[in-house]
2 protein chains.
Amino acid sequence: MDIEEIKHKITKGGLKFTHQRMVIYEELTGSQNHPTAEWVYEQVREKNPSISLGTVYKTLDTFVNAGIIQKFVDNNGVMRFDAILEAHSHLYDKETNEIRDYRNKDLESLLKKFFDNNEIKDFEVEDISVVIKGRNK
Amino acid sequence: MDIEEIKHKITKGGLKFTHQRMVIYEELTGSQNHPTAEWVYEQVREKNPSISLGTVYKTLDTFVNAGIIQKFVDNNGVMRFDAILEAHSHLYDKETNEIRDYRNKDLESLLKKFFDNNEIKDFEVEDISVVIKGRNK
DNA sequence: ATCAGTGCAAATGCTTTGCATCGGT
DNA sequence: ACCGATGCAAAGCATTTGCACTGAT
């Protein structure tokens, strides 16, 4: 993804385009992990050593509120960020705490169909994901 | 659940039976919520005012390790505890942070069948649950 | 020039740890 | 009597907040 593309992603939500936001967003799309704020901070510091951890937190939060990225909480209660917006499920390794994406069109349509046909009383569904716990082998 | 039953639950895992463990376990089975450690602490203090928050945390952890209860993390990174051991899904209200159980045999067998038929490369599945985010209405 | 964004440090909230004392077996 | 369980306070860690300064528009 080039600079103009990133700039557009950020500014179309009405946000100012800053160097910090640029490098943070770049880092998020570049990684296949599900990085923590701390990890993003470490990476981004290599390109911009004066950035502060507080700014990383605020920026990630801003991106989440603007709908540019997603966040979720891992099994240890730590926030994870993800530039992939489409619904997808996660594999949690109980030993290493590694989190991998699991994407399967069949599963997604299966779930979509299920919840379309089974309305939940008093609840409006916005987002469905599957949490799969186990271990890498 | 009477005292003897609770005592058996606790001691069969090799744990000592103490007053604190008794009241904590009682509180967990009595509530239909998904209590936080803090909430359990408040409740239990009514029956045993000298109990400490640290003991509540340690006891809950002990129960989890003994397989007597389950724990998971809510969307704010706070630990939630649950005396129900069978797999079940949760409804997260984005506004109030309330968590409700969602149990549906059809969904459970659908998921079980799916993962029986779709082995995941390099990953051994132990536990599947669905996270449903949205809002109460 | 304005006002949102940033950096820094202090504060917060939940959870864990260390250690002396207590109590179940 | 032994050794795990408890109470208390301090420490730990991820995250948030307050505020003066900076920089994008």
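Please read these numbers as outputs of a predicted model, since none were measured by experiment.
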Practice problem: Please work out which residues in residues 29-37 of chain B have a non-hydrogen atom less than 4.0 Å from an atom of DNA chain D and list them by number. | Solution: none
Exercise. Share the residues that join A:Val78 in a hydrophobic cluster, the rule being Ile, Leu, Val, Met, Phe, Trp or Tyr side chains under 4.5 Å apart at the heavy-atom level.
Key: none
Quiz item: Can you name the residues that form a side-chain hydrogen bond (donor to acceptor under 3.5 Å, both in side chains) with A:Asp2, not counting sequence neighbours?
Solution: none
Practice problem: Using side-chain hydrogen bond (donor to acceptor under 3.5 Å, both in side chains) as the criterion, list what pairs up with A:Ser109, not counting sequence neighbours. | Solution: none
Quiz prompt | Nucleic acid contacts of residues 70-80 of chain A, taken as heavy-atom distances under 4.0 Å to DNA chain D | solution = A:Val78, A:Met79
Practice problem: Kindly write out the residues that satisfy side chain to side chain contact (heavy atoms under 4.5 Å, CB included) with B:Glu46, not counting sequence neighbours, or none if the list is empty. | Solution: none
Self-check item: For A:Lys112, all residues meeting salt bridge (charged side-chain N to carboxylate O under 4.0 Å, His left out), sequence neighbours excluded
Solution: A:Asp116
Practice problem: Scan nucleotides 1-8 of chain D nucleotide by nucleotide, 5' to 3', and note B when protein non-hydrogen atoms come under 4.0 Å of the base, S if they reach only the sugar-phosphate, - if neither. | Solution: --BBSSBB
Exercise. Walk along DNA chain C from 5' to 3' and tell me the first and last nucleotide with an atom closer than 4.0 Å to a non-hydrogen atom of chain B.
Key: C:dC14 to C:dT25
Quiz item: With A:Glu98, which residues qualify under side-chain hydrogen bond (donor to acceptor under 3.5 Å, both in side chains), at least two apart?
Solution: A:Asn136
Exercise. Sorted by first residue and then second, give each ring pair (Phe, Tyr, Trp, His ring centres under 6.0 Å) pair with at least one member in residues 28-62 of chain A; sequence neighbours left out.
Key: A:His34-A:Phe72, A:His34-A:His90
Exercise. Runs of at least three consecutive Watson-Crick or G-U pairs, both distances under 3.5 Å, are what I'm after; which ones involve DNA chain C?
Key: C:1-25 with D:1-25
